[in-house]
Every structure is written in C-alpha cells, then in structure tokens.
Amino acid sequence: MAAFAAFALGAHAADDNTATFEDVTLGTDTLLDVTSGSSFTSGNFVFDYSYDSSWGTKSGFIVSGKKATNFVDYTTAYNSCVDHGYDGSNNFAVYYPSYGTASSITAKDGSAQTISGFYGAVNTYVQNSILKGDNYAKAFTTGSWLRLDVIGTKADDSVDTLSFYLADYRSTDEAAHYYLKDWTWFDLSALGEVKSITFAFDGSDKGDYGLNTPTYVLVDNYDGSYDGTSAKAQNADRTTATSIATVFRREDNVNAPVYNLAGQRVGRDYKGVVIKNGRKYIQ
C-alpha cells in the first residue's frame, strides 16, 4: 500500500559528495544550458545528457530550477509536482531517456562504490497523464502502473537492477492507489558497489512504439542519506513486466526519419511528440 510522510524542510544536510545540484549554476527559474557538452558534475558524480541541435531536443539528466507546478503541455516537462528540490532546495535534476545508450551516472574518478540512494518524484507531465490522460496516454485506472528500473553496472560489467513503482494502481482498493508526487527516498544500497547507474522505465499503458505514459523522473540528493521521515519508494516485483522499455541499442540511427503519431513524415520545425527509431520522443 502507499505510505507517504511529510518531510521537514531543512531537516537533512548533505555532505560534499552528495549530488544536490545546488553546485550547478542556473539562472532564476531556468534549466541547465545543454546546447554544448555532454555531461555536468554535482557533488562526487558525473551526469550525462544529450542535445540534438538539428531538432532542438534534449534528454538524459537536466538540472532544473523551475518553481511552477502547473502543467500546460509537453513544454512544461521540467516542472516538478513540488515547487522546490528536496529539503527546500532550489535545484533538482529531471531524467528523460536518451537515444542510443541510456545516459548514466558515474563517480568523477570512475571508481565503483555503493550508492545509498536518492530522492525522487514525478514531474507535472507524468502527473497529468496519470490523473487525466492525454492524446497519447490513458488516465490511470485500477490495474495501471509505472515503474522505474535502476540498473547498476559493476566493475566486472555485470548488472543488477532494483525496480520501484512511480505509480501503482494495481490494487482493487482505490484508496491504495498512489503516485510519487512528493520527494520520496529510493534506497539503492542493495545494488552494492557499482561503477555506473542508468535508468529505464516500464508500465501498463503500451502501444506500438513503447510506453504511452510519459517517462520522466525527478532526482535530488543522489548518494545522500535517508532523513528518517520521508516516504520510501516501494520495490516492484517486476512480475508484471514484459520488457525494459527505454534501454536503447547503440545502433539506433541518429539520422533516421521522424514521423508524427499519424504516421506522416515531419521535419525539424514540427513540434510535439514524434516517432524516431521506433519510439516516441518530444521535439
């Protein structure tokens, strides 16, 4: 069942190794400029991102200082359901899957280490899709679910995965239905020592091109510590999973044609949800 608890602002101080994203300089109420480079650092960690200058699209880990909690359309995808980062901070990261290989989190020195966890929640785009549905996704009803898979790669290149529900409406008791609209602790310690972390998503609402539900998750205080009062993300048993929906092959063609959801080929000036390499993407 869902278990949510309020957190006290200012209750937890992170050490210098924790990625709080407060050490990433942003303008007021803006996003990280990702038009150049491919990663940024916060605390002891490197976070990957991607930017396609031809299409003006970004993916991977993007630092956000957005305070608005409203949803308009996909252009507000970097708004949080809460008006601040964890513990009342200004900045947080938003993850959206990349083409090619999934964007990763690694230690600055490349070493393998045990990651304690992070605080996470959904963004306003996911929240709106869960509660109301949209042109592409169904509103959640009994039986619906959205899952985050946290994949740890070890020093010998073997992998282990922990899975968590971002939204769980599987119970026949509607009172038990929930989604993570508040900062919630994701415990990753069971992965042991890993040299990198990547994220993937799965869920109940799927179409010909993968998940219809938007695939975003908020991240803050990566490798921080649990404050003892916040809710903890529920582990998913993954028995309902049919695939990991957003781990992509390196051979994806970056020059592949792009289509709208009506199957019409579109150009660079087209705005909205498009299909490229067989999956949906926001342009």
Side-chain angles (χ1 to χ4, degrees), residues 49-52 54-60 62 71-78 94-103 122-151 161 163-170 177 179-180 198-217 236-283:
Y49 61 79
S50 299
Y51 179 73
D52 187 332
S54 298
W55 298 91
T57 55
K58 54 184 173 286
S59 57
I62 309 296
F71 172 80
V72 179
D73 55 25
Y74 63 88
T75 62
T76 54
Y78 292 90
V94 183
Y95 176 77
Y96 180 72
S98 304
Y99 283 132
T101 186
S103 297
V122 302
N123 68 347
T124 56
Y125 191 12
V126 174
Q127 176 181 250
N128 182 79
S129 179
I130 290 170
L131 297 180
K132 300 178 181 180
D134 52 42
N135 291 335
Y136 320 108
K138 301 173 184 175
F140 274 32
T141 57
T142 299
S144 301
W145 52 277
L146 178 65
R147 192 188 76 211
L148 175 70
D149 293 330
V150 181
I151 304 162
T161 302
S163 298
F164 304 92
Y165 286 112
L166 298 177
D168 188 358
Y169 281 48
R170 295 175 303 151
H177 297 174
Y179 65 95
L180 301 188
T198 54
F199 290 165
F201 299 86
D202 203 355
S204 55
D205 184 6
K206 291 177 180 167
D208 293 338
Y209 302 103
L211 281 180
N212 295 321
T213 308
T215 50
Y216 293 82
V217 65
D237 55 22
R238 304 184 71 203
T239 57
T240 53
T242 57
S243 66
I244 295 177
T246 50
V247 175
F248 303 112
R249 301 182 303 273
R250 289 182 182 270
E251 63 266 28
D252 281 351
N253 181 8
V254 296
N255 297 313
V258 178
Y259 302 89
N260 63 20
L261 293 181
Q264 301 164 318
R265 188 165 178 170
V266 295
R268 298 177 182 176
D269 58 344
Y270 184 86
K271 303 298 183 184
V273 178
V274 297
I275 298 163
K276 184 177 181 181
N277 282 313
R279 77 173 288 269
K280 297 196 299 286
Y281 198 77
I282 293 176
Q283 182 167 291

Requested in this report: Would you please classify the geometry between the F71 ring and the Y125 ring as parallel, tilted or perpendicular, with 30° and 60° separating the classes?
Outcome: parallel
Requested in this report: Please state whether the rings of Y169 and F140 are parallel, tilted or perpendicular, taking 30° and 60° as the class boundaries.
Outcome: perpendicular
**Report entry** Nearest-0.5 Å distance, CZ of residue R147 to CG of residue D168
**Finding:** 11.5 Å
Query raised in the report: Passes side chain to side chain contact (heavy atoms under 4.5 Å, CB included), L146 versus L211? Steps please.
Result: CA-CA 9 Å; L146 178 65; L211 281 180; 4.2 Å; yes
**Report entry** Minimum heavy-atom distance between A139 and K132, given as atom pair plus value
**Finding:** CB-C, 3.6 Å
Report task. Identify the two heavy atoms, one from T142 and one from R170, that lie closest to each other, and give their separation to 0.1 Å. Result -> CG2-O, 4.2 Å
Query raised in the report: Does S129 offer a backbone N or O that forms a donor-acceptor pair with the side chain of D134 under 3.5 Å?
Result: no
Query raised in the report: If you measure from CG on D149 to CZ on F164, what distance do you get to the nearest 0.5 Å?
Result: 9.5 Å
Query - Atom pair OG1 (T198) and CD1 (I151), whose distance is rounded to the nearest 0.5 Å - result: 4.0 Å
Requested in this report: Could you tell me whether the side chain of F201 reaches within less than 4.5 Å of the side chain of L148, counting heavy atoms only?
Outcome: yes
Query raised in the report: Which atoms form the tightest heavy-atom contact between K58 and Y96, and what is the distance?
Result: O-CD2, 4.2 Å
**Report entry** Taking every non-hydrogen atom, the tightest pair across S163 and T161
**Finding:** OG-CG2, 3.9 Å
Query raised in the report: Is the backbone N or O of A137 less than 3.5 Å from a side-chain atom of D205, with the two atoms forming a donor-acceptor pair by type?
Result: no
Report task. Can you see which heavy atom on T76 is nearest to which on T124, and at what distance? Result -> O-OG1, 3.2 Å
Query raised in the report: Can you name the side chain to side chain donor-acceptor pair (under 3.5 Å) partners of N128, sequence neighbours left out?
Result: none
Query raised in the report: Within the distance-only criterion (no hydrogens, no angle test), does the side chain of S204 pair as donor or acceptor with the backbone N or O of W145 below 3.5 angstrom?
Result: yes
